[in-house]
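Structure record follows, encoded as structure tokens.
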Amino acid sequence: MAGHSKWSKIKNSKGAADQARGKVFQKFSKDIYLAAKEGGPDPSSNPALRLKIEKAKAANMPNDNINRAIQKASSNGEGENYEEIYYEGYGPNGVAVLVEALTNNRNRSATNIRVAFNKNGGALGESGSVAFMFDRKGYIVIEREGLDVDEDTMLMSVLEAGGEELVTSDEVFEIYTNPSDWKEVRDALEAEGYTLEQAESTMFPQTMVDIDPENEAKFRMMLEKLEEDDDVQEVYHNANLDD
């Protein structure tokens, strides 16, 4: 992971695109629902839920929407049942694409995602066709603004918490962990008093692929169509793109 910065891509592209589309609230609702379903409806004892709620509020999501998502998760079987599904395939120039969806209708999701691939120079593949090209890592972000902590001090905190790597930029500290340890690292850093901007388990490509200008336009359209879909939570790929 050395030298890699996921934060710049999140900040410059995905976050801005989600806001512009106006569908971010629905995706936050699903995130909150899943976090509450897995760890309980009380944010004070469920750090994952607390973080999802904070991110939703930062995007100006109304409290009523947040509360409805939590109530659905604690309704003892009532309401919608979402499941996580991964779709794998290739874009133009053989770019590997891994799509994470959270859906209550498998057929709808599969159809929409297949159309996004097929109409933009790609093809949906079988399970396992590209997943091996990605590594799962824990990923934690701490903003540096207003934080009087230097890189050496942060590195010590990260290592003591059980983190594997620290990447430092002017804006943030990015922390990478073993995928099974990120929650423990998150809790340890919070207990030390750090405010986390982001904490999640996510995927990173092992190698990157160059893409020519003509195919890049097609691929960007594919990404746009995938990310517009209400069921799609994340799209991972290994294309070298200048964001």
Side-chain angles (χ1 to χ4, degrees), residues 1-11 13-15 18 24 27-41 43 45-56 58-59 69-70 73 82-88 96-103 109 127-128 130-143 154 157-167 172-192 194-208 223 226-227 231-238:
M1 299 312 306
H4 176 81
S5 175
K6 183 183 179 188
W7 178 251
S8 61
K9 294 186 179 356
I10 294 172
K11 179 190 65 175
S13 58
K14 187 178 186 303
D18 278 349
V24 69
K27 294 192 177 187
F28 275 133
S29 291
K30 290 181 180 179
D31 281 344
I32 291 168
Y33 171 92
L34 194 60
K37 196 81 170 177
E38 292 179 346
S45 58
N46 184 346
L49 176 60
R50 185 169 66 250
L51 192 63
K52 299 296 185 184
I53 291 173
E54 289 172 357
K55 289 173 67 176
I70 295 173
Y82 291 104
E83 58 179 325
E84 269 187 322
I85 306 174
Y86 284 87
Y87 297 92
E88 305 175 41
V97 182
L98 183 61
V99 180
E100 178 185 337
L102 186 61
T103 183
S109 298
S127 177
V130 304
F132 69 94
M133 301 180 188
F134 296 82
D135 292 323
R136 182 166 288 281
K137 288 280 186 181
Y139 178 69
I140 297 170
V141 176
I142 298 175
E143 288 192 340
M154 178 57 69
S157 295
V158 168
L159 294 177
E160 288 179 352
E164 292 185 337
E165 184 179 359
L166 173 68
V167 175
V172 296
F173 292 113
E174 294 175 277
I175 297 145
Y176 298 89
T177 79
N178 183 289
S180 62
D181 295 339
W182 74 272
K183 292 181 180 179
E184 288 75 12
V185 177
R186 173 199 65 196
D187 293 347
L189 291 172
E190 284 191 326
E192 198 170 338
Y194 292 111
T195 299
L196 309 185
E197 175 65 22
Q198 188 165 346
E200 62 182 358
S201 175
T202 188
M203 305 292 283
F204 294 92
Q206 297 169 358
T207 58
M208 304 302 292
L223 294 180
L226 288 170
E227 291 178 350
D231 294 334
V232 172
Q233 297 298 103
E234 294 285 352
V235 181
Y236 307 104
H237 63 82
N238 66 346

Item to check | Trace of the side-chain contact (heavy atoms from CB on, under 4.5 Å) decision for Met133 with Thr207 | outcome: CA-CA 8 Å; Met133 301 180 188; Thr207 58; over 6 Å; no
Next on the checklist: Looking at every heavy atom in both Ser109 and Thr103, which two are closest together, and how far apart are they?
Outcome noted: OG-OG1, 2.8 Å
Checklist entry - Under the criterion side chain to side chain contact (heavy atoms under 4.5 Å, CB included), which of Leu34, Asp231, Val232, Ile85 is the partner of Leu102? => result Leu34
Item to check | CA sep, side-chain torsions, deciding dist, call: Val235, Val97, side-chain contact (heavy atoms from CB on, under 4.5 Å) | outcome: CA-CA 7 Å; Val235 181; Val97 182; 3.9 Å; yes
Item to check | Contact check, side chains of Arg136 and Ser201, non-hydrogen atoms, under 4.5 Å | outcome: yes
Checklist entry - Within a strict 4.5 Å, meaning less than it, do heavy atoms of the Val172 and Glu197 side chains meet? => result no
Checklist entry - Can a salt bridge be assigned to the pair Glu190 and Arg50 using a cut-off of 4.0 Å between side-chain N and carboxylate O? => result yes
Checklist entry - Val141 and Leu196: side-chain contact (heavy atoms from CB on, under 4.5 Å), yes or no, with the steps? => result CA-CA 6 Å; Val141 176; Leu196 309 185; over 6 Å; no
Next on the checklist: Is it the case that the side chain of Glu88 and the backbone of Val130 share a donor-acceptor pair, with hydrogens and angles ignored and the cut-off at 3.5 Å?
Outcome noted: yes
Checklist entry - Counting only N and O atoms by type, is there a donor-acceptor contact under 3.5 Å from the side chain of Asn238 to the main-chain atoms of Ala96? => result yes
Item to check | Distance, nearest 0.5 Å, that separates NZ of Lys30 from CZ of Phe28 | outcome: 13.5 Å
Checklist entry - What's the spacing between Asp181 CG and Asp187 CG if we round to 0.5 Å? => result 11.5 Å
Checklist entry - Is there a side-chain contact between Thr202 and Tyr236 (heavy atoms, below 4.5 Å)? => result yes
Checklist entry - Under 4.0 Å between a Lys/Arg side-chain N and an Asp/Glu carboxylate O for Lys137 and Glu165? => result no
Checklist entry - Which heavy-atom pair separates Gly40 from Asn46 by the least distance, and what is that distance? => result O-ND2, 2.8 Å
Checklist entry - Donor-acceptor pair, Arg186 side chain versus Ile140 backbone, under 3.5 Å? => result no
Next on the checklist: Is it the case that the side chain of Glu164 and the backbone of Tyr176 share a donor-acceptor pair, with hydrogens and angles ignored and the cut-off at 3.5 Å?
Outcome noted: no
Item to check | N/O donor-acceptor pair under 3.5 Å between Lys52 side chain and Asp31 backbone | outcome: no
Checklist entry - With a 4.5 Å limit on heavy-atom distance, are the side chains of Leu223 and His237 in contact? => result yes
Checklist entry - Tell me, do Leu189 and Ser157 make a side-chain contact under 4.5 Å, heavy atoms counted? => result yes
Next on the checklist: Ignoring hydrogens, what is the shortest heavy-atom contact between Phe134 and Met203? Give both atom names and the distance.
Outcome noted: CB-CE, 3.6 Å
Checklist entry - What closest approach, in Å, do Pro43 and Ile53 show between heavy atoms, and which atom pair accounts for it? => result CG-CD1, 3.7 Å
Checklist entry - Hey, is the main chain of Glu174 close enough, under 3.5 Å, to the side chain of Gln198 for a donor-acceptor pair? => result no
Item to check | Nearest non-hydrogen partners of Ser29 and Ala69, listed with the distance | outcome: O-CB, 3.5 Å
Checklist entry - Which of parallel (below 30°), tilted (30 to 60°) and perpendicular (above 60°) describes Tyr139 and Phe204? => result perpendicular
Item to check | Closest contact, heavy atoms only, Ile32 versus Ala56 | outcome: CD1-CB, 4.0 Å
Item to check | Donor-acceptor contact below 3.5 Å, side chain Glu234 vs main chain Glu100 | outcome: no
